[in-house]
Amino acid sequence: MPENKPLADTSDHRGERPCSYKTAYSRLSLHYFFYFSVLGALLPYLGLYFQSLSFSAVEIGQLLGVLLATKVIAPNLWGWLADRSGYSIKWVRLATGLTVLIGAGLLLFDTYWPLLLTILFFSFFWHASLPQFESYTFGCLGHEKHRYGEIRLWGSVGFIAAVLAIGWQVEHWGIGVLPWDLFALLGVVWLTTFLVRDYQRPVVMDNSAGFVDILRQPAVWHLLLVSFLVQLSHGTYYAFFTIQLTDLGYDKTAIAWLWALGVIAEIGVFLYMARLFQRYSVRFLILLSLLLTFIRWSMNATLAEYWPLMILAQLLHAASFGLFHAAAIHLIDHYFQGRHHGKGQAIFAASSHGLGGALGMLMAGYAWQSGQAGLAYGLCALAVLMAGWFAWRGVR
């Protein structure tokens, strides 16, 4: 399959270089910072907010499942539109703008069905934007795509900042502040899309394989299947970790720091990502991340009452998310090139964080109601074992 000419080396219709790592670093980083600050508000606290509205564990799992289920469709639709038009950022602006508009429903509603519809449409547009921004970022990096981690780590910093700031607010003012924080952060994310310069990518009519032909390659569908199972295994953590620790008597500040610690460990991976790729094969890094993820979920299932061990478990977030995500997205960028670049990022997001995340949270709700942490995290550990088997057989 021929290499796609990197976008950092292309020119727009005026003969100018449209984007490069050096010129776009701060603007790209700022968008990642605020985009993932929204996740820093959603993932640790949204389940707790729904619990404060007297929803059951199953209802919480359903609502959070819907939050991720739209990622199955939205990135693929937006990827098709972006690849067809040659633009990325205009679709990012549209998606984030509609997210702000619909996100106002979180301020207006506090009953199950209105909130479910709000989350359905809110998340549809929210999830549509990131794969196209990722595609734009890799276009800017060109041959320097190993430096992706230096930009992406600012998303992790934004996540930490939001977790700690909102944790402090929840401790002092209650969980009712969450919808207001989310609405404000969404507005800032939309504004940051106007800091980067959009341009029309040249439509590459190369002789590379068709999109379906790429998907049929064993290495590709094995990678997508492994990514699905890994994200499925995170469902209990994202949906019930804060609730679990609250029930065990942890205060909100300690919980916020545990969330932050996991992302700090993730930043370490992004900082050393280029060195890791130079020293080890991507396949080895994926297998290592799966082993450490299995250990993490086993600890969460049985040792959560011991805070020193929870510190260790949170440090393993460097492997379960940071290392795995860095390795997987590196391969996705390699497999899907030319006219399939945007669709490749979209199918990765849809199969892993979308379908895997949604089913993981839905599974977590039923498992938590039936058997609490032991059953829920046990199923997560089983999913990781399955991912390890498929990765050993097929990921190259």
Side-chain angles (χ1 to χ4, degrees), residues 32-53 55 57 59-61 63-68 103 106 115 119 122-123 126-127 155-186 189 231 233-267 296-297 299-300 304 307 310-311 313-318 320-322 325 353 357-358 360-361 364-365 368 373 376-377 380:
Y32 279 109
F33 179 92
F34 284 107
Y35 184 94
F36 285 95
S37 70
V38 173
L39 291 183
L42 283 171
L43 294 181
Y45 301 114
L46 191 59
L48 192 64
Y49 175 69
F50 290 150
Q51 187 184 53
S52 74
L53 299 178
F55 295 146
E59 288 174 327
I60 292 171
L63 288 166
L64 295 178
V66 168
L67 180 69
L68 293 181
L106 295 171
L115 278 175
I119 291 172
F122 154 85
S123 61
W126 176 245
H127 292 314
S156 302
V157 173
F159 187 100
I160 293 170
V163 166
L164 296 179
I166 295 175
W168 182 89
Q169 292 177 350
V170 170
E171 187 75 32
H172 290 81
W173 301 327
I175 193 65
V177 301
L178 182 65
W180 295 97
D181 287 332
L182 281 170
F183 186 70
L185 287 171
L186 290 172
V189 171
Q231 197 59 35
S233 81
H234 282 71
T236 299
Y237 171 68
Y238 288 141
F240 290 101
F241 186 62
T242 299
I243 294 173
Q244 178 188 17
L245 297 187
T246 300
D247 292 343
L248 290 172
Y250 289 71
D251 63 53
K252 299 300 187 299
T253 301
I255 294 171
W257 275 106
L258 282 171
W259 276 94
L261 182 64
V263 185
I264 290 171
E266 170 191 311
I267 291 175
R296 183 188 187 190
W297 299 148
M299 294 177 68
N300 278 29
W307 65 264
M310 278 299 92
I311 291 176
Q314 284 301 93
L315 290 175
L316 293 179
H317 190 72
S320 69
F321 176 79
H325 177 77
H353 297 275
M361 287 188 172
W368 198 271
Y377 282 115
C380 294

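Basis for what follows: all heavy atoms, side chains included, without hydrogens, waters or symmetry-related copies.
Counting all heavy atoms, side chain and backbone alike, Y49 lies closest to I175 at CA-CG1, 3.6 Å. In terms of heavy-atom proximity, L63 sits nearest to L115 at CD2-C, 4.4 Å.
Within the 4.5 Å cutoff, the side chain of W126 has heavy atoms near those of the L186 side chain. The side-chain heavy atoms of W257 and L164, taken from C-beta on, include a pair separated by under 4.5 Å. Considering only heavy atoms from C-beta on, V157 stays 4.5 Å or farther from F36 through its side chain.
Between the Q244 side chain and the N300 main chain, a donor and an acceptor come within less than 3.5 Å of each other. With hydrogens and angles disregarded, a donor-acceptor distance shorter than 3.5 Å links the side chain of Y45 to the backbone of V163. Between the side chain of T242 and the main chain of P44, a donor-acceptor pair closer than 3.5 Å is present. In this structure, the side chain of Y35 does not engage the main chain of G155 through any donor-acceptor pair within 3.5 Å.
Residues satisfying the side-chain contact (heavy atoms from CB on, under 4.5 Å) criterion with I264, sequence neighbours excluded, are I160. Residues satisfying the side-chain contact (heavy atoms from CB on, under 4.5 Å) test with W180, not counting sequence neighbours, are L107. Residues that satisfy the side-chain contact (heavy atoms from CB on, under 4.5 Å) test with D247, not counting sequence neighbours, are I243.
One finds the OH atom of Y250 at 7.5 Å from the CZ atom of F241 (value rounded to the nearest 0.5 Å).
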